[in-house]
Amino acid sequence: NGKVDATLPGKVTQAIFGFCDIRNFTDCTEVLQGDVVKLVNGIAQYVHEATKDNFGAPNKNIGDAFLLVWKPKGSLSLSFVAASALRSYIRT
């Protein structure tokens, strides 16, 4: 029904969150102006692929920043997922 029942107990979930932003974005915006969207989309494609290739999921794009999440699923341990998150950042 889409309603939240605040009386239900919560569930603990282990996850790793990563935050990535585009360095010197204000300068890029001033130089590229309307074409800055192409830059952001190109970087987003790369960041999203690196995240998904390493068992993560892009969560949200916020202007010049990206919120990424890795959660252990199935037989993947938290330490494996943490190493995968680091691999994503090393790749980008």
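Index from 1, following the sequence.
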Next on the checklist: Using 0.5 Å steps for rounding, measure from the CG atom of Asp27 to the CD1 atom of Ile22.
Outcome noted: 12.5 Å
Next on the checklist: Main chain of Ala57, side chain of Thr51: is a donor-acceptor contact present, judged purely on distance under 3.5 Å?
Outcome noted: no
Next on the checklist: Please tell me whether Leu67 and Val81 are part of a single hydrophobic cluster in this structure, the criterion being side-chain heavy atoms less than 4.5 Å apart.
Outcome noted: no
Next on the checklist: A side-chain contact here means heavy atoms from C-beta on lying under 4.5 Å apart; do Ile62 and Asp21 qualify?
Outcome noted: no
Next on the checklist: Hydrophobic cluster membership, with links at side-chain heavy-atom distances under 4.5 Å among I/L/V/M/F/W/Y: are Phe80 and Val69 in one?
Outcome noted: no
Item to check | Rounded distance (nearest 0.5 Å) linking atom OG1 of Thr29 with atom CG of Asp35 | outcome: 11.5 Å
Checklist entry - Closest heavy-atom contact between Ser88 and Ala50? => result OG-O, 3.1 Å
Checklist entry - Side chains of Phe55 and Lys73: closer than 4.5 Å at any heavy-atom pair? => result no
Next on the checklist: Under a 3.5 Å distance rule, please check whether Trp70 uses its side chain to pair with a backbone N or O of Gly18 as donor and acceptor.
Outcome noted: no
Item to check | Heavy-atom side-chain proximity of Cys20 to Tyr89 below 4.5 angstrom | outcome: yes
Checklist entry - Taking atom NE2 of His48 and atom CG of Leu68, what is their separation to the nearest 0.5 Å? => result 6.5 Å
Item to check | Leu39 vs Cys28 side-chain heavy atoms within contact, under 4.5 Å | outcome: yes
Next on the checklist: Do Leu76 and Ile16 land in one hydrophobic cluster if side-chain heavy atoms of ILVMFWY residues count as linked below 4.5 Å?
Outcome noted: yes
Checklist outcome for this item: Between Lys71 and Ala15 the two heavy atoms that sit nearest each other are CG-CB, 3.5 Å
Next on the checklist: If I take atom OG from residue Ser84 and atom CG from residue Asp53, how far apart are they, to the nearest 0.5 angstrom?
Outcome noted: 10.5 Å
Next on the checklist: Hydrophobic clustering (ILVMFWY, side-chain heavy atoms < 4.5 Å, transitive) - are Phe19 and Val47 grouped together?
Outcome noted: no
Checklist entry - Do Lys38 and Leu32 touch side chain to side chain, with heavy atoms closer than 4.5 Å? => result no
Checklist entry - Cluster question for you: counting only ILVMFWY and a side-chain heavy-atom cut-off of under 4.5 Å, with indirect links fine, are Tyr46 and Leu86 together? => result no
